[in-house]
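A short worksheet on the structure shown next.
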Amino acid sequence: MDKAIKVVALALVLMVVIGFGEAQTICNMTYAGLYACRPSVTPPNPTPPTARCCMALSHADLHCFCAYRNSGALSSLGIDPNLAMQLPKICKLPNSPNC
C-alpha cells in the first residue's frame, strides 16, 4: 500500500533530472504534484504532507507506482522509503494498493 508512495518521490527526482515540464505526468501525477510530496519523504527533517501533496496522490494511479517499489534507487536519492510508504495512510487515501 504505502510502498507506492516511494515511487512518487523517485519519479519526482527522475523528472527533475530529466527536465520534464509540469504538464508531464507519471502514473497520472504531475511534476508539481510529485514536487509537493518530496519534503515529506526526504530526511532528516521530513514535513507532514501538504494538502497539495495529498490531492496529487488522490489523483495518482498508485497501483502504477507499485511497479517501481523495488527499484532500490530511492535511498541513493536521499528518499526514505519508510516515509514514502506512509503517505497514502497519512493522506487518508481510500483503496491504497498493497504492493
For C54, give me all partners under side-chain contact (heavy atoms from CB on, under 4.5 Å), at least two apart in sequence or on another chain. P49, C91
Spacing of OG1 belonging to T47 relative to CZ belonging to R38, to within rounding of 0.5 Å: 11.0 Å
Would you compute the distance between atom CG of L57 and atom CZ of R52 and round it to the nearest 0.5 angstrom? 12.5 Å
Grab the two heavy atoms, one from L87 and one from V41, that are nearest each other, plus how far apart they are.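 That closest heavy-atom pairing would be CD1-CG1, 3.6 Å.
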What's the shortest heavy-atom distance between G33 and A56, and which atoms? CA-CB, 3.5 Å
